[in-house]
Amino acid sequence: MAKRKTNIEAVVDLMSFSQYGVLAQLFVIDALVKVADRAAKADPATLDSPMLSGKAWVGVAKEIQFKLNQHLNQQ
């Protein structure tokens, strides 16, 4: 049985090997932008659960949103 990939390996695979070439990279970045934007606008209290801090989830969304904006707006 093959060893399960780490999350990083799985994302690298998504970004590197696709029958659609670079379109796969655009898809992954677009998905990250949309999910980060939606989560950054959420009320943290609505995301709280025994296993997840809503405040942390919104915080990481804002961090990812910031980093993606920096990356996408580089000249």
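Here the structure is a predicted model, which is why all the values come from computation and not from measurement.
Grouping Ile, Leu, Val, Met, Phe, Trp and Tyr residues whose side-chain heavy atoms lie under 4.5 Å apart, directly or via other members, places Tyr20 in a hydrophobic cluster with Leu23, Leu26.
Taking hydrophobic clusters as Ile, Leu, Val, Met, Phe, Trp and Tyr residues chained together by side-chain heavy-atom distances below 4.5 Å, Val60 shares a cluster with Leu32. Put simply, Val28 and Leu72 are part of the same group of oily side chains (I, L, V, M, F, W, Y) that touch within less than 4.5 Å, one to the next.
Residues Phe66 and Lys62 have side chains not in contact (no heavy-atom distance under 4.5 Å, counting atoms from C-beta outward). Side-chain atoms of Ile64 and Val35, non-hydrogen and from C-beta on, never get closer than 4.5 Å to each other.
In plain terms, the two heavy atoms of Ala61 and Ala39 that are nearest each other are CB-CB, 3.5 Å. Closest of all the heavy-atom pairs between Val58 and Ala40 is CG1-O, 3.8 Å.
The structure places CD of Gln25 at 9.0 Å from OG of Ser18, a figure rounded to the nearest 0.5 Å. Interatomic distance, Trp57 CH2 to Leu47 CG, rounded to the nearest 0.5 Å: 8.5 Å.
Here side chain to side chain donor-acceptor pair (under 3.5 Å) pairs that include residues 36-51, with residues two or more places apart or in two chains, are Asp37-Gln65. Here salt bridge (charged side-chain N to carboxylate O under 4.0 Å, His left out) pairs that include residues 8-33, with residues two or more places apart or in two chains, are Lys5-Asp13, Asp30-Lys34.
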